[in-house]
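Below is one structure, written out as structure tokens, with a few remarks after it.
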Amino acid sequence: MQKKIIKRTLDTTALLFPHLNPVLQRVYLARGVKSDFELEQGLEYLLPYQSLLDIDKAVTCLFDALSQQKNILIVGDFDVDGATSTVVAIRALRSFGAKNVAFLVPNRFAFGYGLTPELVQVAVKEFNPALIITVDNGIANHAGVIAAKESGIQVIITDHHLAAETLPPADAIINPNQPHDPFPSKSIAGVGVIFYVMLALRRHLTDCQWFTQQAIPEPNMSRLLDLVALGTVADVVALDHNNRIFIHQGLRRIRAGHCVPGISALLELANRNPKRVIAADLGFVVAPRLNAAGRLDDMSLGIESLLCDDLLRAREMVKVLDQLNDERRVIEQDMQEQALHFLKKIQLDQKQLPRGICLFNPEWHQGVIGILAARIKDRLRRPVIAFALTNETELKGSARSISGVHIRDVLAQIATQYPGLMGKFGGHAMAAGLTLPRAAFTDFAQAFDQVISAQVKEEDLQQALLSDGELQSDELTLEVAELLREAGPWGQAFPEPLFDGVFEVIEQRLLSGKHLKMLLMKDEKIFEAIAFNTDVNQWPNHRCKQVNIAYRMDVNEFRNKCKVQLIVEHLEVAN
């Protein structure tokens, strides 16, 4: 699909940040930063935990369980946010002196998502918990909470997903997205929520002299921030000020060598220098390998790799994770080819694609449909739901959305307009999940397209790249590239700077048969550039003398030497 480069609009009357490089000034202005305060990244600028609704109730339950050394069970989720949330809870509670803490992650193929009644039965049989703490799930698990309560188990829900009209009857619910919760950051990931709960518990324990009485060193909670950063990046939540602080502080710890061995081993496996790690390394190198465990097998392996304190043992674990990720890639590629073939057929039959796309193949792997939906969404710029079989009569769907379409609200609207059409659903603005009777797939696909079509116009679906404008040749320097690299963290709703401009083509050649390596010239200065996964039917184009490109500035480090490299997101022959 042809992409269009659109330059971001700036309020040029705003005279903010005069102490910053001009390129950085305009980048921050384009992202809506209005004050120096929003650029502060010290821990003292984190939002206080006290405004989280029910935080005192959660602390009371936790202190009761800890002081009596009751069995505590963490019920996690099978993605990286769920895994890091589980590890944060366990590491924190153990450092507080808890001796009976275990975790249980539902196998997605046997139990589905969250705290279900079936999972409670397993919990009672294997762990006999007095207290269950859900992390990154629970807000939609009414039946599971009721089952736990009937078994005499206290339940604390920590979650960040949107709540339904009614809440589960838990002893405490910590979720900034529940009704009437005043906590300002609604974009916090599940790992951030449980970190705040543990922060509040640590404060209570300090105030009541617990650590002194137990002869335990008072834990430094910043030791958990590498995990908080990883979970926040991996869950692709909007990077508001609070989330940027979490990620920045976590990256600082990783760069200083103060991270869990599992993260070190994953970076090492991918040949990433931990001293120069950035948010993108967590999102594109570490997270996919951890996620592969939950997609294809059991996230327990990923959790154990992050709980492990022995680097040699962690290295062995991440090798298995890497193998699972390779398997996931093969499965995903096959599914993606099938999906694109199906969509091409629809386009031929109907002359145009639906605005809301639903895809289903009975052979698809339910652990990979989420990433498939994301790939197709990115390729076609349409909200996508990919479905796989749960059993012979039920489908599981994973939805991914585009900017401006709140996908969980779309599902809620369908549930209202077409009662009984689908089963359970939940999620947030950009991602959601649902169940659906297999026989209802065609009707649901039509309803989904209708609701999406009522919200978006055809022009909203055009592929567009938002550019921060053109850089002059004297701005394309290593100094500016390093500034931009460190000025993040960049991510969802706070995107990495993207620039555009026309360059003369000096040299072009393919690497590994699909990546276009180029030497480009601007104002008689030569720059290295690379475009990954290029359309080899169009490039190299040796008749092309000038290209118009959209690019990111990067620092290429080779043999301890650093130079500017342009990472090309889009290129076309210049007119």
Side-chain angles (χ1 to χ4, degrees), residues 1-3 109 288 291-292 295-296 324-402 405 407 410 422 430-453 456 458 460-464 510 512-516 531-539 569-570:
M1 180 178 287
Q2 186 64 34
K3 296 180 180 179
F109 312 111
N291 257 333
R295 293 188 189 282
L296 300 189
L324 287 171
N325 194 46
D326 288 341
E327 289 179 35
R328 187 271 306 166
R329 284 193 182 117
V330 173
I331 293 169
E332 179 208 332
Q333 183 61 39
D334 186 46
M335 288 168 60
Q336 192 172 157
E337 288 174 3
Q338 293 170 6
L340 291 172
H341 178 75
F342 174 72
L343 290 169
K344 188 174 182 179
K345 185 176 184 301
I346 289 178
Q347 200 163 10
L348 288 172
D349 293 344
Q350 301 180 8
K351 306 304 182 188
Q352 64 178 20
L353 288 171
R355 292 181 182 176
I357 292 174
C358 288
L359 300 166
F360 166 61
N361 187 313
E363 303 300 320
W364 283 351
H365 194 296
Q366 63 171 287
V368 187
I369 53 174
I371 200 164
L372 173 67
R375 297 278 194 256
I376 301 299
K377 178 266 297 184
D378 289 341
R379 187 170 185 134
L380 301 179
R381 191 169 166 77
R382 280 161 164 72
V384 175
I385 309 180
F387 288 89
L389 278 174
T390 303
N391 53 53
E392 287 302 313
T393 60
E394 185 183 70
L395 306 180
K396 175 186 176 182
S398 192
R400 296 295 184 270
S401 194
I402 61 174
V405 178
I407 198 68
V410 166
M422 62 180 182
M430 301 304 290
L434 70 152
T435 59
L436 186 72
R438 182 174 183 175
F441 174 77
T442 301
D443 290 341
F444 177 85
Q446 291 174 353
F448 182 66
D449 184 37
Q450 288 171 6
V451 172
I452 296 297
S453 295
V456 300
E458 197 62 34
D460 297 328
L461 304 176
Q462 298 302 309
Q463 290 276 37
L510 282 180
S512 303
K514 58 182 178 179
H515 308 311
L516 184 65
F532 293 104
N533 299 308
T534 313
D535 184 349
V536 295
N537 294 318
Q538 297 187 40
W539 300 95
E569 299 289 340
H570 173 69

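Along the sequence shown, residues carry numbers from 1.
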Measure across S398 and G370 and return the closest heavy-atom pair with its distance rounded to 0.1 Å. OG-CA, 3.2 Å

So R329 and D326, salt bridge (Lys or Arg N to Asp or Glu O under 4.0 Å) or not? Walk me through it. CA-CA 5 Å; R329 284 193 182 117; D326 288 341; 3.1 Å; yes

CZ on R438 to OG1 on T393, rounded to 0.5 Å: 9.0 Å

Give, for atom CD of Q336 and atom CG of L372, the distance between the pair rounded to the nearest 0.5 Å. 6.5 Å

Roughly how far apart are F387 CZ and T435 OG1, rounded to 0.5 Å? 9.0 Å

Going through the distances and angles, do H515 and L510 end up as a side chain to side chain contact (heavy atoms under 4.5 Å, CB included)? CA-CA 5 Å; H515 308 311; L510 282 180; over 6 Å; no

May I ask you to check whether Q333 and E337 show a side-chain donor-acceptor distance below 3.5 Å? yes

Atom CD of E392 with >12 non-hydrogen neighbours under 6.0 angstrom: no

F448 pairs by side-chain contact (heavy atoms from CB on, under 4.5 Å) with which of I407, I357, D443? I407

Output, in order, the C-alpha distance, side-chain angles, deciding distance and verdict of side chain to side chain contact (heavy atoms under 4.5 Å, CB included) for V536 and L516. CA-CA 9 Å; V536 295; L516 184 65; over 6 Å; no

Quick one: closest heavy-atom pair of L359 and A339, and the distance? CD1-CB, 3.9 Å

What class does the angle between the rings of F360 and F441 fall in, given that below 30° is parallel, 30 to 60° is tilted and above 60° is perpendicular? tilted

Between Q366 and L389, the two heavy atoms sitting closest are NE2-O, 3.6 Å

Decide yes or no on side chain to side chain contact (heavy atoms under 4.5 Å, CB included) for N325 and R295, but give the supporting numbers first. CA-CA 9 Å; N325 194 46; R295 293 188 189 282; over 6 Å; no

Within this structure, what is the NZ-CG distance for the pair K396 and L434, rounded to the nearest 0.5 Å? 10.0 Å

Supply the atom-to-atom distance R381 CZ to I402 CD1, rounded to the nearest 0.5 angstrom. 4.5 Å

